[in-house]
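As structure tokens, the structure follows; a few thoughts come after it.
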Amino acid sequence: DTAVSQTPKYLVTQMGNDKSIKCEQNLGHDTMYWYKQDSKKFLKIMFSYNNKELIINETVPNRFSPKSPDKAHLNLHINSLELGDSAVYFCASSPQGSYGYTFGSGTRLTVV
Amino acid sequence: AQTVTQSQPEMSVQEAETVTLSCTYDTSESDYYLFWYKQPPSRQMILVIRQEAYKQQNATENRFSVNFQKAAKSFSLKISDSQLGDAAMYFCAYRSAEGTYKYIFGTGTRLKVLA
């Protein structure tokens, strides 16, 4: 029973296309996140939702748009994909309190 | 703004030996949490250990322990009796105790375990 599941695991697409990555958690956590891991393995937050409310919106191109239909789901839609968008995108969730995140297994996006 | 620094891009350890990975951070906050995550080649991010800043006692999880020095803003990870399965990228992360639960990650240390 996967706690945080992301789909797809791999995504290869051409420049200019629009794509979505989906994330679902069955842990009952209130907060969900999107992180981007670049080619040098650096992890940086992009967005966070708490109970469907956007609470973190870092400086990312507005081609990236998150959507949270309910607190168990957080999707990431990317318009007009560029070569520089190639990265691994991680979804994560956390409960209230001092506990750490539970991460999904990541989506490797390759833009060609 | 908070920062997290991992000054060792790569470390090697002999199987069954002990290795220490360094992490320093900068913050003006007094209450926060620190974490170590492991990322093996499978790409999955796995929580190894966490430390609450208000606790003086160093956290321990089986073969993994931390040396938390709050005044020095240092949070190192010690792995005892290293195993081949410990080979991975290790990330140190900081999180405020208040506000959003955003992590600030270090740049990671790649650990190689030699048989």
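Within 6.0 Å of CD on Gln57(B) lie no more than 12 heavy atoms contributed by other residues, nucleotides or ligands. A 6.0 Å sphere centred on NZ of Lys71(A) holds more than 12 heavy atoms belonging to other residues, nucleotides or ligands. By the 6.0 Å contact criterion, NZ on Lys78(B) is open, its count of non-hydrogen atoms from other residues, nucleotides or ligands being 12 or less. Heavy-atom contacts from other residues, nucleotides or ligands closer than 6.0 Å to NZ of Lys73(B) number more than 12. Residue Asn62(B) places its CG atom among 12 or fewer non-hydrogen atoms of other residues, nucleotides or ligands, all under 6.0 Å distant.
In the hydrophobic cluster analysis, where Ile, Leu, Val, Met, Phe, Trp and Tyr join through side-chain heavy atoms closer than 4.5 angstrom, Ile21(A) is grouped together with Val111(A). One hydrophobic cluster, built from ILVMFWY side chains closer than 4.5 Å, holds both Phe75(B) and Tyr32(B). Connection of Met46(A) to Val4(B) is not established within any shared hydrophobic cluster, with ILVMFWY side chains joined at heavy-atom distances below 4.5 Å, either directly or through further cluster members. When the side chains of ILVMFWY residues are joined at heavy-atom separations under 4.5 Å, either directly or via intervening members, Ile49(B) and Tyr90(B) end up in a single hydrophobic cluster. Cluster membership for Phe47(A) and Met32(A), using ILVMFWY side-chain heavy atoms within less than 4.5 angstrom, is shared.
Of all residues in residues 79-92 of chain A, those placing a non-hydrogen atom less than 4.5 angstrom from a non-hydrogen atom of chain B are Val88(A), Phe90(A). Within residues 38-47 of chain B, the residues having any heavy atom closer than 4.5 Å to a heavy atom of chain A are Gln39(B), Arg43(B), Gln44(B), Met45(B), Leu47(B), listed by residue number. Identified by a heavy-atom distance below 4.5 Å to chain A, the contributing residues of residues 103-115 of chain B are Tyr103(B), Phe105(B), Gly106(B), Thr107(B), Arg110(B), in residue-number order. Against chain B, the residues from residues 4-13 of chain A that qualify, each with a non-hydrogen atom under 4.5 angstrom away, are Lys9(A), Tyr10(A) in number order.
With values rounded to the nearest 0.5 angstrom, Tyr101(B) atom OH is found 13.0 Å from Ile45(A) atom CD1. In this structure, Arg95(B) CZ and Ser94(A) OG are separated by 6.5 Å, a value rounded to the nearest 0.5 Å.
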side-chain contact (heavy atoms from CB on, under 4.5 Å) for Lys41(A) and Phe91(B)? Distances and angles first, verdict last.
CA-CA 10 Å; Lys41(A) 302 288 189 185; Phe91(B) 293 95; 4.1 Å; yes
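The parts of Leu43(A) that come within reach of chain B are both its backbone and its side chain, each placing non-hydrogen atoms under 4.5 angstrom from that chain.
Contact record, Tyr37(B) with Tyr101(A): OH-N, 2.8 Å, taken as the closest heavy-atom pair.
In terms of heavy-atom pairs under 4.5 Å with chain B, the best-connected choice from Gly104(A), Ser105(A), Ser48(A) is Ser105(A).
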